[in-house]
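Taking it in order: structure first as structure tokens, then the write-up.
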Amino acid sequence: MSSQTIETKPNNGIIADGEATAILPTGGKHKPITVIGTEAIRGTFDELCLQQAINSRTAPGVTDLVLNPDAHCGYGAPVGCVMVSPTHVYPGPVGVDIKCSMSLLQTSLPADAVIDKPTRRALINAICERTPTGAGRGQRNAPKSRRVDEALGRRVLVEGASRGVCEALGIPPEWAERCEDSAHVGHDDSTASLALRLEKLMPQMHNFAGKVTQLGSYGGGNHFGECEVVEFGEDDRSRRVADAFGLIDGGVAFLSHCGSRGIGHQLATGQFKALQQKFDRWDIPLPGQDRELVYAPLGTPEADAYLDDMALGANFATVNHLLINALVLEAFQEVIPGVTGRLVYFISHNIARKEIVDSRPAWVHRKGATRAMPAGHHALAGTPFAETGHPILLPGNPQAGSAVMVADPGAELSCYSVNHGAGRQLGRKAAKRALDQREVDASFDAADILSNCRQYPIDEAPAAYKDFDEVLRSVKAAGLASEVARLKARFVIKDGDKADD
DNA sequence: ATGTGC
């Protein structure tokens with residue numbers, strides 16, 4: 001494995017072939033890396049990020065690698081990339097937070113219901129009581145009707161959002177149709193193999209009962225819940241699609257970002273360690289000599305174990321999101337009786353899926369990347385979105401807004417994928433050095449956006465992220481997707497200096 | 001991302 005050097009080439013070796021599309025050749029017979037991003041965006045990719053992309057592109061069994069405009073360094077592969085392999089699975093290019101995802105709940109409320117501050121404060125409190133934030137945090141005072149014991153926890157991991165699990169947790173079962181995948185199965189397409197795998201893992205699953213009580217919680221870092229006002233665009237097509245998605249112009253919606261919490265973390269790190277030990281023992285060369293890029297050929301016990309563990313974590317994340325949405329709706333109903341809500345969509349940006357790429361089945365690893373299938377895509381047949389394409393949920397930042405998009409046929413270029421958000425511009429330490437807490441808080445006050453935190457976490461401030469409009473411009477100019485609606489924050493739930501502690 | 005250092 002020769003690791004190419006990139007620093008001496010102009011533009012880091014990236015060759016533009018359109019306003020927002022480019023290629024990065026990696027030498028040999030390899031198809032080049034597909035790069036999405038305007039010139040301004042392409043300048044934000046640092047060397048390590050590009051080296052990770054090259055390592056990933058030239059790794060065994062990989063046929064396609066897409067680098068998205070929000071790309072930055074990740075574990076082995078960049079956050080913000082798509083890696084396709086018909087023959088291998090790669091745990092690193094799924095990531096440590098298995099099935100980290102976005103979901104959007106459309107309520108029946110008009111925007112003026114969330115104007116006055118006391119109502120928004122009451123909503124923040126009611127939501128925080130039910131859906132906690134923070135490391136280790138889970139359900140504190142869940143009512144008996146929604147308590148997750150060990151037995152139900154096992155069912156969640158094995159079945160995902162099955163009818164039985166939804167009923168046991170008070171989740172409207174029809175929401176399962178509004179999921180990118182409501183349930184994940186094991187390596188042999190059965191749930192039986194997942195049950196067996198979980199049984200085998202149980203002795204290592206420290207505090208399993210405690211971890212399953214994390215269902216219905218956000219965790220920390222960039223995870224959040226956000227009350228939004230939905231703003232449709234001007235053109236007829238986007239308004240028609242927004243209607244079909246069940247969005248309401250000028251209505252109140254709730255956007256959530258979270259993943260598989262402690263369970264997914266334990267499953268992912270367990271897989272990294274197990275595979276790294278085997279690579280050490282076997283002395284097999286790693287792509288770019290990077291231990292974070294361990295892999296397993298399909299059909300081996302190692303690949304089976306990874307696919308099973310990924311499915312267990314993914315099922316937890318799916319039910320976590322659906323329960324959060326059910327609990328958030330309950331919180332709205334406590335504060336504003338009579339309000340109703342429907343799940344618009346639940347879609348992941350950290351998962352490997354079996355899809356058809358270039359007419360053959362392949363594992364599409366999306367790491368900080370979102371599936372983007374347009375109207376008429378064969379995989380959407382029989383879903384509510386066959387005629388429109390499915391909703392794409394892209395968090396930007398509370399001040400610039402977030403976006404609902406829909407894929408265009410041009411998304412074939414990026415293996416039917418787009419970015420997963422704005423992407424970091426400043427590392428956490430750099431953000432703490434560069435940004436001023438009072439200015440950050442003042443900017444939220446000026447925009448009349450409330451938060452559950454006394455001080456907004458500075459490393460999560462909008463200025464720590466790339467310019468969201470430039471990122472969206474890249475996606476549109478590359479022909480991947482169109483904007484359907486913008487979401488403007490009215491209040492934000494984050495892990496931070498909580499007002500209720 | 002994470003019972004936020006192995």
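Proteins get letters first, then strands, A, B, ... in listed order; numbering begins at 1 in each.
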Partners of Asp280(A) by salt bridge (Lys or Arg N to Asp or Glu O under 4.0 Å), sequence neighbours excluded?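 With sequence neighbours excluded, Asp280(A) shows a salt bridge (Lys or Arg N to Asp or Glu O under 4.0 Å) to Arg291(A), given in chain and number order.
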May I ask you to list the residues of residues 254-269 of chain A, by number, that have any heavy atom positioned under 4.0 Å from an atom of DNA chain B?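 Output list: Arg261(A), Gly262(A), His265(A).
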Just checking Gly95(A): base, sugar-phosphate only, or nothing, at a heavy-atom cut-off of under 4.0 Å?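 Nothing, no heavy atom under 4.0 Å.
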Within the structure shown, what part of the strands sits under 4.0 Å from His206(A) by heavy-atom distance: base, sugar-phosphate, or nothing?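 Since a base atom lies under 4.0 Å of His206(A), the category is base.
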Taking ring-ring contact (aromatic ring centres under 6.0 Å, His included) as the test, write out the residues that go with [X], two or more places apart.
| X | result |
| --- | --- |
| His365(A) | none |
| Phe385(A) | Phe245(A), Tyr345(A) |
| His265(A) | none |
| His184(A) | none |

Give each protein N/O atom lying under 3.5 Å from an N/O atom of nucleotides 4-6 of chain B, with the pair distance.
none

To the nearest angstrom, how far is Arg428(A) atom CZ from dT2(B) atom P?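 Distance check: Arg428(A) CZ to dT2(B) P gives 10 Å.
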Measure the distance from CD on Gln271(A) to P on dT2(B) and round it to the nearest whole Å.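 Checked: the CD to P distance equals 19 Å.
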List in chain and number order the residues that pass side chain to side chain contact (heavy atoms under 4.5 Å, CB included) with Ala379(A), two or more places apart in sequence or in another chain; answer none if no residue qualifies.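 By the side chain to side chain contact (heavy atoms under 4.5 Å, CB included) rule, Ala379(A) matches Met373(A), His377(A).
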Under the side-chain hydrogen bond (donor to acceptor under 3.5 Å, both in side chains) rule, what pairs show up with a residue in residues 197-211 of chain A, not counting sequence neighbours?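 Listed by first then second residue: Arg154(A)-Glu199(A), Arg197(A)-Asp309(A), Lys211(A)-Gln266(A).
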Value rounded to 0.5 Å, distance of CD1 in Ile263(A) from CZ in Phe316(A):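 The CZ atom of Phe316(A) is 5.5 Å from CD1 of Ile263(A), to the nearest 0.5 Å.
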